[in-house]
Engineer: 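Here it is, the structure in full.
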Amino acid sequence: MSELKMDKNYNPKEFEDKIYDFWMDKKYFEAKVNKDKKPFSIVLPPPNITGQLHMGHALDHTIQDVIIRFKRMQGFETLWLPGTDHASIATEVKVLNKIKEDEGKTKDDLTREEFLAKAWQWRDIYGRKIVNQMKKLGNSCDWSKERFTMDEGCNDAVTEVFVNLYNKGLIYKGNRIINWCPDCQTTLSDAEVEHAEKAGHFFHIKYQIKGTDDYLEIATTRPETMLGDTAIAVNPDDKRYHDLIGKTAILPIVNREIPIIGDKYVDLETGTGALKVTPSHDPNDFLIGKRHNLEEISVIDEKGFMNENAMHFKGMDRDECRKEIVKELDEIGVLIEVKDHLHNVGVCYRCGTVIEPRVSKQWFVKMDDLAIPALDALKNKDMKLIPERFGKTYNHWLEGIRDWCISRQLWWGHRIPAYYCEDCGETMVSRDVPHKCSKCGSENIKQDADVLDTWFSSALWPFSTMGWPEKTEELDYFYPTNVLVTGYDIIFFWVIRMMFSGIEQMGEVPFEYTLIHGLVRDSQGRKMSKSLGNGVDPLEIINEYGADALRFMLMTGNSPGNDMKFMIEKVEASRNFANKIWNASRFVMMGLEDSTSNFELTGNEELDLSDKWILSRLNEVTNDVTSNLEKFELGLAANKIYEFVWDEYCDWYIELAKKRLYGEDEEAKLTVQKVLMTVLKDILKFMHPFMPFITEEIWTHMNSTNKALIISEWPEFDETKLDKNSVEQMNGIMDAIKNIRNVRATMDVSPKIKAKLLVIAEGKVRENIITNKQYLIDLASCSEVILEEKTNISDDAVSVVIEGAELFMPLSDLINFEVELKRLEDEKKSFESEIKRAHGKLSNKGFVNKAPKALINKEKDKIKKFEDMLVSVNERIESIKTKL
RNA sequence: GGGAGUAUAGCUCAGUUGGGAGAGCGCCUGCCUUACAAGCAGGAUGUCAUAGGUUCAAGUCCUAUUACUCCCACCA
C-alpha cells in the first residue's frame with residue numbers, strides 16, 4: 001500500500017497530464033497483431049485540419065474511447081487508429097483567407113506550388129493542435145499509427161482505387177451538368193449542396209408564338225437564364241398547349257426562335273404549365289435538352305457573371321442581370337406580372353453562395369453498381385446501424401443516388417491520376433506518370449489539374465490506414481473494424497461511401513456496427529456555430545472541470561442518435577461525482593498505509609449482512625454494466641455505475657462499515673477493509689472507460705505494485721455469487737432505517753437525540769433485526785434495539801409499521817400527537833389503496849388466467865403484507881386518539 | 001412533395017423484451033455527523049402531448065390528430 005497522498009478535493013489538473021504521459025510511456029495504446037488475442041478495432045473519424053476540436057468531437061471521441069477501453073480491459077487486442085483529414089475545400093478556403101490576411105494575396109497571385117507549401121504549413125500546425133486536444137480528452141488512440149488522408153500511404157490507396165474503378169468502367173469523365181459554386185469556383189457533389197428557403201419572385205413573361213399574335217405565358221424564378229433558353233416545353237397531355245407542340249416561339253430580347261416541345265416532365269399545376277428550357281443552367285432542363293437534342297447555350301461564367309452570349313448584359317453579375325432584364329422585359333411590354341414566391345435554392349455548404357448549375361466536363365463515379373451491395377449489406381445485417389431507424393436514411397439515399405461528381409477545381413487534395421496527351425488529346429489513367437502517350441508516343445503529357453472530392457479519400461479510411469493496397473498483417477488482423485462511431489449528419493458523406501468502397505475494394509464491409517450519435521447543441525438547443533459565437537470549447541471545460549467530468553457528462557443524460565444540449569450544470573454534476581469517488585477512495589484507504597495485507601478476500605472471512613449484500617450487488621452490477629456496454633448502451637451503463645457508487649456503496653455500505661472500521665475488533669476491521677477494497681477496485685474498473693484519469697490516479701494510490709488500471713481485467717459476472725437472501729434482508733433493514741428517519745424528521749427530532757427502539761416482530765424478520773441491530777443504531781439514531789411484547793409498549797411512542805414488524809420509539813414529550821395521528825392516517829390510506837389495487841387485479845379473471853404465476857403470487861403476498869400492516873396502523877391510531 | 005425524430009416533475013433528460021413513474025439540477029426542512037457542504041438526512045411536485053385501438057395489463061405496441069425540430073427532393 002502506497003503512502004496516502006490524496007487531497008481533500010478532486011483536482012484533475014494535478015494528475016491528468018501525468019497519467020496520460022504514463023500511459024504513453026508504457027505504450028498501452030499500441031496495438032500489435034497478436035494471434036492469441038481477439039482483435040477489436042475502431043478507426044477514428046479523422047477530424048478536419050481546418051481548426052480545432054469542438055464539443056461534437058468530444059462526444060464522438062469519448063464514445064469511442066469508452067468502447068476501446070472497455071474492450072481492452074476485456075482482453076481484446078484493441079486498435080483505435082487516429083488521424084486527420086485534409087478537408088480539401090474547407091482547408092483551401094481557410095488557407096486562402098490566411099494568405100489574404102497575411103500577405104494580401106489572392107489565389108490568382110499564387111502558383112500552385114506556393115499555395116501547397118502554405119497549406120502543408122497549415123496542416124502541420126493544426127494537425128498537431130488537434131492531436132494535443134485529443135490527448136487532453138484522454139483518447140487512448142494508437143498514436144504510433146497516426147495517419148493523414150494525404151500521407152503517402154493514403155495517396156497510394158487513392159490512386160489505386162481510382163485506377164481500379166476507371167479500369168472497371170466505374171469512373172468516367174463526362175460533360176454533364178454539375179453543381180458549381182461561383183465563389184469557391186469549384187464543382188460540388190450533390191451531398192455538398194444544401195437547400196435554403198429564400199424569398200424570390202415568379203416572373204410571368206410573354207413568349208410570342210411565331211407567325212401569330214398569340215403568345216405563351218411562361219413563369220420563371222430566374223429570368224436571367226432566358227438568354228440561354230433553347231426551347232419551351234409543355235406537357236403533351238396539357239389540353240391548353242397541346243396544339244402548340246411543334247410550333248416555334250420567339251425568345252424576347254434575344255429574338256431567337258426556339259421550338260415548343262412536348263415533355264412529360266412538365267407539371268400541369270406548376271407555374272403556367274409552360275416551361276422555358278435552359279439546358280446549360282438547370283439540371284432538369286439539361287435532361288430535357290438531352291432528350292430533345294437541344295442546343296446548350298451557356299450565359300453565365302464560372303464566377304457568376306454574364307458571359308459573351310448574354311449580349312448587352314455581358315459582365316453583369318447574375319443578380320444584377322436579373323434586375324436589368326426584368327426592367328427591359330417590362331419596357332418592351334412582355335412582363336405580365338411579378339408574384340412573390342418562396343422557394344428552395346441550392347447553396348454551397350461551405351460558403352452559402354447560391355449554386356449555379358453549369359455544364360462542364362467532370363469526373364464521375366458510376367453509382368448504380370456500387371450502391372446495390374451497400375444496400376444488401378445493411379439488409380443482410382453485415383453492417384448494423386444503431387439506432388436502426390437510420391437505416392431508412394441510408395437506404396433512401398442509396399436508392400436515389402446519382403453519379404458522384406468527384407473532380408474539384410481546387411489545389412488542396414489528391415491530384416487526379418489522369419494524364420492527357422497535349423498532341424493527340426489521349427486520356428491516360430495510371431498509377432505512375434506516363435512517360436509518353438500510349439497512342440501517339442508524344443512526350444508532351446500533362447496531368448489533370450483537378451483534385452478529388454475530399455470524401456474520396458475518406459471513403460477508403462478503414463483500409464487505407466492499415467496499409468492497403470499492400471496486403472499487410474494489420475489489415476488481415478484488424479479489418480473489418482468492429483464499430484464506426486459518427487454523427488447522423490455524416491451518414492451521406494461518409495458512412496455510405498466507406499461502405500461501398502470497402503465492399504468494392506476489400507470484398508468485405510468496413511465495419512460491423514455503425515453507432516450513430518446526435519449533435520451537441522448549446523443550452524438553448526441551437527446548433528453551435530462560429531457565426532452565433534455559441535460554441536463551447538472542450539479544452540476550457542477540461543481546464544475548469546477536468547476531462548473526466550466532461551466525458552461523464554457527455555455519456556449520460558442522452559440516448560443514441562438524439563441531440564443533446566450542453567449545460568454547464570450537467571458538467572458540474574459529473575464533476576461532483578468525480579469528487580465523490582475521489583473522497584470515497586480516500587476514505588477507504590485511510591489507515592491502510594501500514595498494513596501488510598493485500599486486502600484480497602480469501603473466503604474465510606466472517607462476513608456480515610452488509611458485506612454479503614454489497615458483494616452480491618457488485619456482482620449484479622457487473623452483469624448489468626457489462627451487458628449494457630456490450631450492446632453499446634453507454635449511457636445506461638454509466639447511470640448504473642453512478643447509482644451503485646453513490647447510493648449503495650457510499651451512502652449505505654461505507655456508512656455501515658464505519659462501526660467496524662473504527663472499532664477494536666482487528667479481525668472485523670480487516671474484513672471490512674477487504675470488502676471495501678474489493679468493491680472499490682471493481683468500481684474503479686467500471687468507471688475507468690468513462691473517467692480514465694481519476695480512476696487510474698486513484699489506482700496508483702491503492703495498487704502501486706500491480707499493473708495499471710487501463711490494462712487490468714474487466715470484472716466477470718459470477719452467478720453463483722448472487723446472494724438473493726442477503727439482498728432481501730438488507731432491503732428490509734434499509735427500509736426500516738428509512739422509515740425511522742422519516743418519522744423522526746416529521747417529528748422534528750434532532751439526530752443528536754437518540755431513542756430506544758422497541759421491536760415487535762416474529763420469525764425471520766425478528767431475527768434479521770436483532771442480528772443487525774447495530775445498523776439501526778448507527779444509521780437511525782437508535783440508542784438501543786430491544787425486543788418487546790406488544791403489551792409492554794407505552795402510549796407515548798411513535799411507531800413505524802414495516803413488513804413483518806412494528807418499531808416503536810418512546811420519544812415521550814418530543815411527540816406531537818396530532819402530527820403523529822395525521823401521519824398514521826396518511827399511512828393507513830396508502831395501505832388501504834394498495835390493498836384495493838391488489839384486490840382489483842386479482843378479481844379480474846383475465847389477469848388471474850393469463851398473467852404469469854409469479855406476478856399473481858406477488859399480488860397475493862402484497863395483500864397479506866398490507867393487511868397485516870393495516871391492522872398495526874389501526875391499533876396505533878386508536879391508541880394515539882386516547883392521548884388527544 | 002417524401003422521410004425521420006421529439007412531446008415524461010419547474011429546467012435538462014433517462015426509462016434496455018409491455019407487469020405498480022426515475023435521475024441530475026432547482027425548490028422546501030433540518031444538519032459543518034472526523035471521506036466528501038463539489039456533502040448528509042428528510043420532503044413536495046407528473047391526466048408520461050391529445051383521441052382511439054390491441055392486451056388480463058400500455059410511458060412502452062398499433063392508428064389518427066396536434067405542436068416543435070431535423071433530413072432528403074430536379075416543380076420551373
Side-chain angles (χ1 to χ4, degrees), chain A residues 6 8-10 177 190 195 202 218-222 225 233 265-267 269-278 282-288 341 343-344 346 357 387 389-390 392-393 396-397 400 402 488-489 491-492 518-519 523 525 527 545 549 553 556-559 561-565 567 569-570 572-590 624 627-628 631 633 635-636 639 642-643 650-651 654-655 658 662 738 741-746 748-752 779 781 834 837-838 841 844-852 854-855 858-859 862:
Chain A
M6 289 175 71
K8 181 172 162 184
N9 279 337
Y10 156 65
I177 192 152
D190 292 336
H195 294 267
F202 242 143
I218 305 278
T220 179
T221 54
R222 299 197 59 197
T225 63
Y265 166 76
V266 181
D267 182 52
E269 308 294 320
T270 310
T272 61
L275 172 70
K276 65 190 257 321
V277 183
T278 323
D282 184 282
N284 298 309
D285 295 7
F286 179 78
L287 295 174
I288 295 173
H341 180 60
H343 61 150
N344 277 327
R389 62 180 146 92
F390 288 105
K392 290 213 173 182
T393 314
H396 181 250
W397 207 73
R402 296 190 297 174
Y488 61 69
D489 53 333
I491 295 174
F492 307 116
L519 271 35
S523 59
K527 228 174 179 171
Y545 296 92
M553 172 268 165
T556 49
N558 75 321
S559 48
N562 289 340
D563 290 354
M564 70 185 301
K565 290 183 183 134
M567 297 210 285
E569 295 90 337
K570 292 201 279 192
E572 277 170 15
S574 297
R575 188 268 322 264
N576 293 352
F577 180 51
N579 188 57
K580 188 73 184 176
I581 190 64
W582 180 263
N583 276 293
S585 307
R586 206 160 61 88
F587 170 78
V588 169
M589 284 183 271
M590 273 169 37
D624 292 350
S627 85
N628 282 143
K631 287 185 273 180
E633 296 164 345
L636 291 180
N639 274 334
Y642 182 98
E643 280 164 22
C650 291
D651 288 347
I654 285 184
E655 290 309 318
K658 283 176 180 172
Y662 297 147
K738 281 189 233 171
R741 283 171 173 170
N742 180 326
V743 173
R744 292 179 58 109
T746 313
D748 256 336
V749 181
S750 156
K752 280 176 190 154
L779 297 193
S781 295
E834 292 293 348
R837 244 187 92 90
K841 277 199 169 184
N844 179 341
K845 273 184 191 157
F847 179 77
V848 180
N849 290 336
K850 294 190 179 175
L855 214 67
K858 212 173 122 191
E859 292 303 321
K862 202 180 285 175

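Quick caveat: nothing in here was measured; it's all calculated off a predicted structure. By convention in this document, chain letters (A, B, ...) are assigned in the order of the sequence lines, proteins followed by strands, and residues within each chain are numbered from 1.
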Engineer: State whether A/K276 places a side-chain N or O below 4.0 Å from either non-bridging phosphate oxygen (OP1 or OP2) of B/rA76.
Structural biologist: no
Engineer: Determine the interatomic distance between C1' on B/rA51 and the same-named atom on B/rA58; round to the nearest Å.
Structural biologist: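 Going atom to atom, C1' in each nucleotide, I get 15 Å.
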Engineer: For B/rA41 and A/N742 - does any side-chain N or O of the residue sit under 4.0 Å from the phosphate oxygens OP1/OP2?
Structural biologist: no
Engineer: In whole angstrom, give me the gap between the C1' atoms of B/rG39 and B/rC56.
Structural biologist: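 Here B/rG39 and B/rC56 have their C1' atoms 47 Å from each other.
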Engineer: Using the P atom on both, measure B/rA67 against B/rU50 and round to a whole Å.
Structural biologist: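 After rounding to an integer number of Å, I get 15 Å for this pair.
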Engineer: Compare side-chain N and O positions of A/K658 against OP1 and OP2 of B/rU34 and report whether any pair is under 4.0 Å apart.
Structural biologist: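 No, outside the criterion.
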Engineer: Is there a Watson-Crick or G-U wobble partner for B/rU69 with both distances under 3.5 Å, and if so, which one is it?
Structural biologist: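 Because both required distances fall under 3.5 Å, B/rU69 counts as paired with B/rA4.
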Engineer: In whole angstrom, what separates A/M567's CE from B/rG10's C1'?
Structural biologist: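 After rounding, the reported distance stands at 13 Å.
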Engineer: For A/M564 and for A/D267, locate the closest nucleotide of RNA chain B by heavy-atom distance; then report the residue assigned to the nucleotide nearer the 5' terminus.
Structural biologist: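 It is A/M564 whose nearest nucleotide is closer to the 5' end.
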Engineer: Give me the distance, rounded to whole Å, that separates B/rG59 from B/rC48 when you measure between the P atoms they each carry.
Structural biologist: 8 Å
Engineer: Taking the same atom, P, in B/rU16 and in B/rC61, what whole-Å distance lies between them?
Structural biologist: 9 Å
Engineer: Of the options B/rG19, B/rA4, B/rA14, whose atoms approach the side-chain atoms of A/N562 most closely?
Structural biologist: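 In terms of side-chain proximity for A/N562, the closest of B/rG19, B/rA4, B/rA14 is B/rA14.
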Engineer: Closer than 4.0 Å, any side-chain N/O of A/K565 to the OP1 or OP2 of B/rC13?
Structural biologist: yes
Engineer: Look at the side chain of A/F847 and decide which nucleotide, out of B/rC71, B/rG19, B/rA73, has an atom nearest to it.
Structural biologist: B/rG19
Engineer: Taking any heavy-atom pair under 4.0 Å as a contact, classify A/K850: base, sugar-phosphate, or nothing.
Structural biologist: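 Base contact - A/K850 has a heavy atom under 4.0 Å of at least one base atom.
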Engineer: When you compare B/rU54 with B/rA73, how far apart are their P atoms, in angstrom units rounded to a whole number?
Structural biologist: 41 Å
Engineer: Reckon A/E834 touches a base, only the sugar-phosphate, or nothing at all at heavy-atom distances under 4.0 Å?
Structural biologist: base
Engineer: I want to verify a distance call: between B/rC71, B/rA4, B/rA38, whose nearest atom is closest to the A/K392 side chain?
Structural biologist: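 For A/K392, the side-chain atoms sit closest to B/rA4.
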Engineer: Just call it for A/F577: base, sugar-phosphate, or nothing, with non-hydrogen atoms closer than 4.0 Å on any strand.
Structural biologist: nothing
Engineer: Any strand is fair game: report the nucleotide pairing with B/rU63 by Watson-Crick or G-U wobble, both distances under 3.5 Å, or none.
Structural biologist: B/rA51
Engineer: Looking for any heavy atom pair under 4.0 Å, which part of the strands does A/I654 touch: base, sugar-phosphate only, or nothing?
Structural biologist: base
Engineer: What integer number of Å spans the P atoms of B/rG5 and B/rG15?
Structural biologist: 15 Å
Engineer: Should A/Y10 and A/N576 count as side-chain neighbours, where that means a heavy-atom distance under 4.5 Å?
Structural biologist: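 No, too far: nothing below the 4.5 Å cut-off.
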Engineer: I need the CD-C1' distance between A/E572 and B/rC11, as an integer number of Å.
Structural biologist: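 The answer, rounded to whole Å, is 14 Å.
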Engineer: Check whether A/R575 reaches the backbone of A/K570 with its side chain - one donor and one acceptor, N or O, closer than 3.5 Å.
Structural biologist: no
Engineer: Grab the CG-P distance between A/N628 and B/rG15 for me, whole Å please.
Structural biologist: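 It is 11 Å, rounded to the nearest whole Å.
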Engineer: Base, sugar-phosphate alone, or nothing: which one does A/R575 contact when heavy atoms must sit under 4.0 Å apart?
Structural biologist: base
Engineer: How would you label the contact of A/E655 with the nucleic acid (heavy atoms, under 4.0 Å): base, sugar-phosphate, or nothing?
Structural biologist: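 Here A/E655 touches the bases of the nucleic acid.
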Engineer: For A/F390 and A/A838, find the nucleotide of RNA chain B closest to each by heavy atoms; which residue's nucleotide sits nearer the 5' end?
Structural biologist: A/F390
Engineer: Taking 4.0 Å as the cut-off, does a side-chain nitrogen or oxygen of A/R741 come that near to OP1 or OP2 on B/rG42?
Structural biologist: yes
Engineer: Does B/rA14 have a Watson-Crick or wobble partner in any strand here, with both distances under 3.5 angstrom, and which is it?
Structural biologist: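 Here B/rA14 is not engaged in any pair, so there is no nucleotide opposite it.
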Engineer: Does the side chain of A/D190 come within less than 4.5 Å of A/W397's, by heavy atoms?
Structural biologist: no
Engineer: Could you give the CG-to-C1' distance, from A/L636 to B/rG22, as a whole number of Å?
Structural biologist: 12 Å
Engineer: Would you mind telling me which of B/rA4, B/rA35, B/rC40 lies closest to the side-chain atoms of A/D651?
Structural biologist: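 Nearest to the side-chain atoms of A/D651, counting from C-beta on, is B/rC40.
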Engineer: Check every strand shown and say whether A/P357 touches a base, only sugar-phosphate, or nothing at a heavy-atom separation below 4.0 Å.
Structural biologist: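 Here A/P357 touches no strand at all.
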Engineer: Quote, to the nearest angstrom, the C1' distance that separates B/rA41 from B/rC32.
Structural biologist: 14 Å
Engineer: To the nearest 0.5 Å, how far apart are CG in A/L287 and CD1 in A/I177?
Structural biologist: 8.0 Å
Engineer: Side chains of A/L855 and A/F847, heavy atoms from C-beta outward: is any pair under 4.5 Å?
Structural biologist: yes
Engineer: Side chain of A/Y265 only, please: which of B/rA76, B/rG5, B/rA35 is the nearest?
Structural biologist: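 Nearest to the side-chain atoms of A/Y265, counting from C-beta on, is B/rA76.
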Engineer: Have a look at A/K752 and say if it touches a base, only the backbone sugar-phosphate, or nothing, with a 4.0 Å heavy-atom cut-off.
Structural biologist: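 Sugar-phosphate, no base atom in range.
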Engineer: Contact class for A/D748 vs. all strands (heavy atom < 4.0 Å): base, sugar-phosphate, or nothing?
Structural biologist: nothing
Engineer: For a quick check of understanding: with a heavy-atom distance under 4.0 Å over all strands, which category does A/A573 fall into, base, sugar-phosphate or nothing?
Structural biologist: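 Contact class for A/A573: sugar-phosphate only.
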Engineer: Measure from the side-chain N and O atoms of A/D563 to the backbone N and O of A/L519, and report whether any donor-acceptor pair falls under 3.5 Å.
Structural biologist: yes
Engineer: Just checking A/K8: base, sugar-phosphate only, or nothing, at a heavy-atom cut-off of under 4.0 Å?
Structural biologist: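 Touches sugar-phosphate only.
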Engineer: Quick check for you: among B/rA76, B/rG42, B/rC56, whose closest atom lies nearest to any side-chain atom of A/A851?
Structural biologist: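 Of B/rA76, B/rG42, B/rC56, B/rC56 is nearest to the side chain of A/A851.
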Engineer: What's the CG-C1' distance between A/N639 and B/rG15, to the nearest Å?
Structural biologist: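 Value for this atom pair: 10 Å.
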Engineer: Given 3.5 Å as the limit, does a donor-acceptor pair link the side chain of A/N583 with the main chain of A/K8, or not?
Structural biologist: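 The answer is yes, because a donor-acceptor pair under 3.5 Å joins these two groups.
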Engineer: Would you mind pulling out the nucleotide paired to B/rG42, Watson-Crick or G-U wobble, both distances under 3.5 Å?
Structural biologist: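 B/rC28 - that is the nucleotide pairing with B/rG42, both distances being under 3.5 Å.
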Engineer: Out of B/rA38, B/rC56, B/rC72, which has the shortest distance to the side chain of A/N9?
Structural biologist: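 Nucleotide nearest to A/N9's side chain: B/rA38.
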Engineer: If we check side chain to side chain contact (heavy atoms under 4.5 Å, CB included) with A/T278, which of these qualifies: A/I288, A/T225, A/T220?
Structural biologist: A/T225
Engineer: Select base, sugar-phosphate, or nothing to describe what A/K570 touches, counting heavy atoms under 4.0 Å on all strands.
Structural biologist: sugar-phosphate
Engineer: Looking at every strand, decide which applies to A/V848 at a 4.0 Å heavy-atom threshold: base, sugar-phosphate, or nothing.
Structural biologist: nothing
Engineer: Have a look at A/S559 and say if it touches a base, only the backbone sugar-phosphate, or nothing, with a 4.0 Å heavy-atom cut-off.
Structural biologist: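 Contact class for A/S559: sugar-phosphate only.
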Engineer: Figure out the CG/P separation between A/D563 and B/rA4, and round it to whole Å.
Structural biologist: 18 Å
Engineer: Does A/Y488 have a side-chain nitrogen or oxygen under 4.0 Å from the phosphate oxygens OP1 or OP2 of B/rU69?
Structural biologist: no
Engineer: Should the pair A/K658 and A/F587 be classed as cation-pi, given the thresholds of under 6.0 Å to the six-membered ring centre and 45° from the axis?
Structural biologist: yes
Engineer: Would you say that A/K527 contacts A/D489 through its side chain, given a criterion of any heavy-atom pair below 4.5 Å between the two side chains?
Structural biologist: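 In short, these two side chains do not touch, never coming nearer than 4.5 Å.
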Engineer: Does A/K631 make a side-chain N or O approach to OP1 or OP2 of B/rU17 shorter than 4.0 Å?
Structural biologist: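 For B/rU17, OP1/OP2 do not have a side-chain N/O of A/K631 under 4.0 Å.
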